[in-house]
A.B. asks: 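Sharing a structure below in structure tokens format, with a few things to ask.
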Amino acid sequence: MVFSSNIFLIFFLPIFLIFYFASPKSWRNVVLLLFSLVFYAYGAPDFIALLVGSCVANFYLVKLMHHSSNQLAKKLYCAAAIIISLGLLIYYKYANFFIENINVLLSACGAHTITFAKVLLPIGISFFTFQSITYVIDTYRGNNYPMKRLHDYVLYIMMFPQLIAGPIVRYCDIEQEIRERKYDISEAMQGFYRFIIGLSKKILISDVIGIQVDAVLSGDIAMLDSGTAWITIIGYTMQLYFDFSGYSDMAIGLGKIMGFHFPENFDNPYNSSSITEFWRRWHITLGSFMRNYLYIPLGGNRCSKSRMYFNLWIVFLLSGFWHGANWNFLIWGAYHGIWLVLERMGLKNFYDKIGKIPSVIITFLIVMIGWVFFRIENFSEAITFISKMFAFDFGTLSSCYDSQFITTLAVALVFSFMCLLPFGKKIQNFVFYTNYSKSQHIVVWLIALFLLFFNLGSLNAVGFSPFIYFRF
Amino acid sequence: MNKDRVFHTILFILTILFFLMILIQTVWHPFEYDKLRGITDDVEFPSLTFDSLYDGSYQRQLDAYLSQNYGFREPSIRFYNQYIWDFYGKENVDHIVSGKEGWLFYKHHVDDYYGQEMYRWQSDKETAIKTYDAEVRRMMQLRNRLKQYGIEFLMFIAPDKAFIYPEYLPEQEYDTTTVNARKYYSRRFDEVGFPYIDMTEMFIQMRDTVPYPLMPIKGAHWNNSCVYGIDSLLHLMGSLKGEQLADFSYGETIPAYRYMDVENDIETYINLFSTGDIDEKYEAKERLYTIVSDSNTVKPNVLFIGNSYLFQVYDYIPVNELFSDMSHWYYNRMSYKGFNRIHHEYSEIDRLQTILMADYIVWFADGAQVYKTSYGFVEDALMRLYVDEKRISDVYAEVRDSIADAMMAKMPNDTIFDTIAFYNQMWEKASTLILKYPERFFEEIRKDSIPEDMQKKIDNILIGKQIVQNEKWHNKIINYAHLINKTIDKVLEEEIDNIYHNRPLLRDKEIVLTADERTELLNILIEEIKSKPDLLESIRQKAIKHGKTLEQAIIDDANWILEDKLRKCNQ
């Protein structure tokens with residue numbers, strides 16, 4: 001099920017909220033879990049057993065690990081739990097990729113290729129795998145105690161607001177709230193507003209931009225002029241951000257309605273003045289996971305410079321691969337890794353010298369070029385696209401896009417960059433973090449209801465599109 | 001609980017109620033809204049089964065159902081459409097084009113103007129010209145054949161707004177590699193002498209002579225300006241047969257007091273609350289008129305093969321004052337009969353008879369529809385004139401089956417499909433193929449003369465037509481059929497038989513019943529009376545009033561009815 005779908009907005013959400021708030025507090029986790037199972041089963045009924053099964057296995061392995069006094073046994077249980085989680089991820093997400101590439105090599109050598117039935121990808125597997133790993137490792141490290149009740153653990157993994165596309169919530173960040181959380185009705189209202197902001201980002205901005213971007217990219221890239229190429233990639237840059245951050249807003253908002261505080265996933269990423277900063281602002285929970293569970297265990301900064309550069313690059317290569325089993329994601333990850341290494345090698349000093357705004361522009365350009373590899377699967381087409389961007393042939397620009405696209409793109413750019421100015425930051429803080437007065441509440445509430453109604457109209461007048469990050 | 005908490009709680013409850021209201025409206029629809037116009041999928045609420053959930057069909061159907069039926073769908077979609085219309089001048093409908101100064105156009109008309117419509121129907125210019133030439137040849141063949149039977153076949157091209165008011169079209173590139181069907185047909189008609197009227201050209205001439213738009217600015221079809229079209233059509237029809245048909249006499253122009261739906265039929269498809277006010281200079285006006293006729297005026301029976309432009313003619317003009325009868329074969333697929341547009345199943349009507357019973361047959365279409373080559377009417381009419389109906393059905397079935405076999409051969413063995421729907425689809429394919437190349441399937445059509453058996457059938461219908469056109473004779477047939485409890489068609493058939501065999505005609509006979517016939521008809525009438533409780537009750541009352549037995553009163557009534565029918569027969 002998808003947040004921006006009729007079934008979720010019309011049936012699932014209101015029915016869930018009624019059941020949830022009508023239940024005694026001690027039952028709310030069970031209600032949330034049951035609805036989360038329905039949420040997942042509606043979209044992927046054939047994988048629900050797999051997901052629950054892996055949760056059960058992890059839960060008991062971690063329990064055994066925690067109660068074991070033998071260090072070797074602890075390590076073995078920990079390894080077993082991680083292998084199960086990663087094994088499922090590797091099988092379901094990467095088996096097709098590996099076999100296809102092996103077959104390419106085999107056929108190049110004239111050998112028989114491997115015949116195999118394509119493996120279907122369980123939705124959200126990349127996210128729930130990482131969450132289960134944080135639970136296993138944090139418990140192993142002694143950062144927290146294991147869950148006492150199985151259904152609480154399953155709830156941690158399967159809680160519907162963040163099940164499918166994050167944020168990746170570390171177990172230690174949410175443990176307390178799963179056990180016992182405070183209900184603040186004013187926070188619930190803030191959560192509702194946040195949900196509507198996310199929904200609007202998705203439907204009114206991302207989807208509108210996406211129609212034109214998809215239309216251009218489904219055509220012949222070799223025929224593009226530079227203007228169209230630039231507008232298209234700026235469009236995609238905005239589409240992706242508003243799609244994913246919109247989803248995160250909805251997840252965080254839903255969490256708040258139920259009394260959870262999920263970590264923020266975005267912090268004006270396009271205002272970054274370096275790629276290093278970009279990764280502190282973009283998909284923050286993934287960056288945090290990679291740092292804590294991959295970069296630091298590899299040695300982090302406490303090793304030789306060359307080793308550190310290698311660690312950094314490999315982390316980003318894998319981070320790219322996490323996004324999808326395809327060469328374009330590997331290239332995208334490697335591309336970002338290279339820029340991070342370059343920044344550590346001295347590029348950062350250059351940014352510091354030229355000042356904030358020029359370095360934001362340069363970073364934005366680097367990020368946009370990165371999105372070309374992210375969006376266009378075929379490498380040679382991606383290169384063609386980039387060459388079109390820099391061919392500086394601005395022939396037929398005016399006839400390419402309609403006024404709704406251009407206006408929406410302009411609005412998206414304003415929202416993306418307004419926090420570079422103090423006034424913009426003020427507006428953002430007001431919208432997201434202010435405790436409204438009663439009159440402000442009423443105004444914001446009316447706007448939120450209007451936006452909900454308006455989004456429904458847009459969703460059904462234009463047509464449904466799923467979230468981009470669902471396939472990762 | 002502090003005041004803030006109470007406030008937030010109320011707000012939160014109201015929020016949930018808002019969601020619930022949408023849910024309730026989705027399920028029970030307590031509030032009624034005007035339906036949105038356009039194509040909607042009639043999806044039923046799916047029933048949940050394990051299999052349907054597992055294979056995803058339940059989810060797909062539920063999504064489709066909700067998309068068509070969610071609560072407050074109509075106002076929310078109108079609201080969104082209004083937003084994109086007001087802010088971006090965009091519409092969410094692919095067959096509508098927004099022009100300048102608030103003018104709206106049907107996309108086919110715009111494409112036709114810019115030379116792109118041809119590609120919707122033909123692969124290239126050469127094929128298009130071949131198709132149109134073949135069509136003109138068949139039209140002339142049909143026209144010549146029908147003319148022998150006293151029937152005029154002609155064409156009326158309804159006005160195409162885009163050509164009449166091109167200055168309001170959005171700027172677009174012209175495609176010069178195509179051929180415009182309307183212009184091509186007109187040229188060919190002039191060459192071969194096929195009678196036609198092109199109202200687009202007439203309206204282009206007229207547009208600057210009238211102080212109002214001849215076509216509605218937010219509608220696709222014509223409005224009251226259809227009067228000019230029908231006036232011209234009647235003049236052409238009359239000139240073809242040398243008949244005096246009804247005439248129009250025009251008066252002053254007034255603001256349209258009969259504001260027709262067509263004024264904004266395009267606008268309604270955009271599903272907005274409003275497209276805004278119309279500039280005064282574009283407001284609908286109408287020209288008052290009276291229909292002029294006298295005792296010499298002929299009211300013909302006309303068969304129109306046409307599209308929706310004819311609906312405004314029905315709505316705006318008292319067609320019963322112009323014609324004795326009219327039929328409208330809508331896109332040659334649906335049949336409307338008479339002045340009240342009674343719908344008849346097209347497949348069930350006797351097409352040959354309807355064609356031959358008409359005095360005039362008019363292919364009636366706007367320029368963008370001319371590409372559709374008479375909707376297959378000309379080809380079908382030729383087949384029905386030259387070929388026996390049974391053979392036509394047999395050939396259709398044969399072609400359908402061979403297409404079906406070929407299709408099934410390509411399907412995997414375990415393919416499950418709806419047999420009826422599949423064969424209906426194959427029938428459509430067969431029909432398209434046969435109508436495209438009728439001469440390949442029915443050699444008879446190529447010949448000059450009509451086969452003997454068909455000629456006899458045609459003659460019978462034409463004699464029937466003569467009878468029907470003679471009021472006295474026709475009434476005698478009807479009354480006699482009523483008297484002896486036979487169908488009118490059966491009596492007509494017998495009368496035609498009388499003509500062929502030189503027997504005395506019913507027309508000239510005085511009907512006298514023998515004693516046996518009288519007894520038999522009386523018995524039938526008595527049974528009929530007894531089967532009607534209301535009639536029986538009124539006879540019972542009469543019987544009581546006149547002191548008769550019920551049985552006697554029934555016999556008396558039956559006798560009276562029989563005598564009355566007999567009297568009418570011999571009038």
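Side chains included, hydrogens not; waters and symmetry mates left out as well; all remaining heavy atoms used. Letters go in sequence order (proteins before strands), and every chain restarts at 1.
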A.B. asks: Are more than 12 heavy atoms from other residues, nucleotides or ligands located less than 6.0 Å from atom CZ of A/F19?
C.D. replies: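 12 or below, so no.
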A.B. asks: Quick one: what part of B/F7 sits under 4.5 Å from any heavy atom of chain A, side chain, backbone, both or neither?
C.D. replies: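 B/F7 touches chain A through side-chain heavy atoms alone.
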A.B. asks: Measure distances from B/N81 to the heavy atoms of chain A and classify the residue's part below 4.5 Å as side chain, backbone, both or neither.
C.D. replies: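 Side chain only.
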A.B. asks: Working to the nearest 0.5 Å, report the span between CG of A/D402 and NZ of B/K90.
C.D. replies: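 Those atoms lie 3.5 Å apart.
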A.B. asks: What is the minimum heavy-atom distance between A/P14 and B/F19, and which atoms define it?
C.D. replies: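 Result for this residue pair: CB-CB, 3.7 Å.
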A.B. asks: Considering only heavy atoms, which portion of A/A41 lies under 4.5 Å from any heavy atom of chain B: side chain, backbone, both, or neither?
C.D. replies: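 Just the backbone, heavy atoms under 4.5 Å.
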A.B. asks: Between B/L17, B/L66, B/D55, which shows the greatest number of heavy-atom pairs under 4.5 Å with chain A?
C.D. replies: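 Heavy-atom pairs under 4.5 Å are most numerous for B/L66.
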A.B. asks: Return yes if some donor-acceptor pair links the side-chain N/O of B/Q59 with the main-chain N/O of A/Y42 below 3.5 Å, else return no.
C.D. replies: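 At least one qualifying donor-acceptor pair exists.
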A.B. asks: Do A/L9 and B/I22 make a side-chain contact, defined as non-hydrogen atoms from C-beta onward lying under 4.5 Å apart?
C.D. replies: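 Not touching, per the 4.5 Å side-chain cut-off.
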A.B. asks: May I ask you to test the A/L456-B/F79 pair for a side-chain heavy-atom distance under 4.5 Å?
C.D. replies: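 Not in contact.
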A.B. asks: Inspect the surroundings of CG in A/D220 and state if more than 12 heavy atoms from other residues, nucleotides or ligands are less than 6.0 Å away.
C.D. replies: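 Count over threshold, so yes.
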A.B. asks: Enter the distance from B/I10:CD1 to A/W445:CH2 here, rounded to the nearest 0.5 Å.
C.D. replies: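 So the gap between those two atoms works out to 10.5 Å.
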A.B. asks: Where on B/S67 is there a heavy atom nearer than 4.5 Å to chain A: the side chain, the backbone, both, or neither?
C.D. replies: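 Its backbone and side chain both get close to chain A.
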A.B. asks: Of the non-hydrogen atoms in B/Y88 and A/T408, which two are nearest, and what is the gap between them?
C.D. replies: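 So the minimum-distance heavy-atom pair works out to OH-OG1, 4.4 Å.
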A.B. asks: Starting from the C-alpha separation in whole Å, work towards a yes-or-no answer on ring-ring contact (aromatic ring centres under 6.0 Å, His included) for A/F453 and B/F72.
C.D. replies: CA-CA 9 Å; A/F453 179 76; B/F72 306 107; 7.1 Å; no
A.B. asks: Is B/I77 close to chain A through its backbone or its side chain, or both, or neither, when contacts mean heavy atoms under 4.5 Å?
C.D. replies: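 For B/I77, heavy atoms of backbone and side chain both lie under 4.5 Å from chain A.
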A.B. asks: Tell me whether B/F87 at atom CZ has more than 12 heavy atoms from other residues, nucleotides or ligands lying less than 6.0 Å away.
C.D. replies: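 Check fails, neighbour count at 12 or below.
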A.B. asks: Just checking A/F415: does its CZ atom have more than 12 heavy atoms from other residues, nucleotides or ligands closer to it than 6.0 angstrom?
C.D. replies: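 No, not enclosed.
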A.B. asks: Is B/Y83 in contact with chain A via its backbone, its side chain, both, or neither, using a 4.5 Å heavy-atom distance?
C.D. replies: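 For B/Y83, the contact with chain A is made by the side chain alone.
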A.B. asks: Heavy-atom distance under 4.5 Å to chain A: side chain of B/L11, backbone, both or neither?
C.D. replies: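 Both backbone and side chain.
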A.B. asks: Can B/Y70 and A/L459 be said to form a side-chain contact (heavy atoms from CB on, under 4.5 Å), step by step?
C.D. replies: CA-CA 11 Å; B/Y70 76 88; A/L459 175 66; over 6 Å; no
A.B. asks: When you compare the side chain of A/N460 with that of B/Y80, does any pair of heavy atoms fall below 4.5 Å?
C.D. replies: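 Side-chain contact under 4.5 Å: no.
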A.B. asks: Roughly how far, to the nearest 0.5 Å, is CD1 of B/I13 from CZ of A/F21?
C.D. replies: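 Output value for this atom pair is 10.5 Å.
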A.B. asks: What heavy-atom pair brings A/M189 and B/H8 nearest, and what distance separates the two atoms?
C.D. replies: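 Here A/M189 and B/H8 meet closest at CG-O, 4.1 Å.
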A.B. asks: Between A/Y183 and chain B, with a heavy-atom cut-off of 4.5 Å, which part of the residue counts as in contact: side chain, backbone, both or neither?
C.D. replies: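 Interface part for A/Y183: backbone (N, CA, C, O).
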A.B. asks: With a 4.5 angstrom heavy-atom cut-off, which part of A/I257 approaches chain B: side chain, backbone, both or neither?
C.D. replies: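 Side chain of A/I257 only, per the 4.5 Å heavy-atom cut-off to chain B.
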A.B. asks: What verdict does the side-chain contact (heavy atoms from CB on, under 4.5 Å) test give for A/D46 and B/Y54, after you've listed the backbone C-alpha separation in whole Å, the side-chain angles of each residue and the deciding distance to 0.1 Å?
C.D. replies: CA-CA 7 Å; A/D46 25 2; B/Y54 201 77; 3.2 Å; yes
A.B. asks: So what's closer than 4.5 Å to chain A heavy atoms on B/L14: side chain, backbone, both or neither?
C.D. replies: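 Contact with chain A involves both backbone and side-chain atoms of B/L14.
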A.B. asks: Counting heavy-atom pairs under 4.5 Å to chain A, which of B/L53, B/I84, B/T15, B/D63 comes out on top?
C.D. replies: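 The option with the most such pairs is B/T15.
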A.B. asks: Please classify the contact of B/F18 with chain A as side chain, backbone, both or neither, using a heavy-atom distance under 4.5 Å.
C.D. replies: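 The answer is the side chain of B/F18.
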A.B. asks: Who wins among B/L23, B/T26, B/L62 for the most heavy-atom pairs under 4.5 Å with chain A?
C.D. replies: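 When all of B/L23, B/T26, B/L62 are compared, B/L23 has the most.
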A.B. asks: A quick test of your reading: do over 12 heavy atoms of other residues, nucleotides or ligands sit less than 6.0 Å from CD of B/E167?
C.D. replies: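 Atom CD in B/E167 is crowded, with more than 12 foreign heavy atoms closer than 6.0 Å.
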